[in-house]
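Scope of the values below: all heavy atoms of this structure, side chains included, with no hydrogens, waters or symmetry mates. Counting from 1, the numbers follow the sequence of the chain as shown. Since the structure is predicted, the reported quantities are computational estimates derived from the model, not experimental observations.
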Amino acid sequence: MENVNENDDLKLNKQRFTELFKKSAALKKKNNIVMEKLRILKKMSDQLLKTGSIYKR
């Protein structure tokens, strides 16, 4: 009986790990998108400070 509960626990833990792994991958993807947008804003900010315009001259 104890072995059955242990197997169920292992299956549940595997499911939880899989769900967490998928969520982690999705968050990493979103983080990469946000970081890229921040890099673009930084470039625009630097350009604005340098030339007074966000457009390259």
Which residues share a side chain to side chain contact (heavy atoms under 4.5 Å, CB included) with L10, sequence neighbours left out:
N7
If a pair satisfies salt bridge (charged side-chain N to carboxylate O under 4.0 Å, His left out) and one of its residues is in residues 35-48, list it, with sequence neighbours excluded.
E36-R39, K42-D46
Rounded to the nearest 0.5 Å, how far does CG of D8 lie from CG of N13?
11.0 Å
Could you list who else is in V34's hydrophobic cluster, with ILVMFWY side chains joined at under 4.5 Å, directly or through other members?
M35, L38
Can you pull the side chain to side chain donor-acceptor pair (under 3.5 Å) pairs that have at least one residue in residues 14-23, sequence neighbours excluded?
none
Could you tell me whether a side-chain N or O of S24 sits under 3.5 Å from a main-chain N or O of L20, the two making a donor and an acceptor?
no
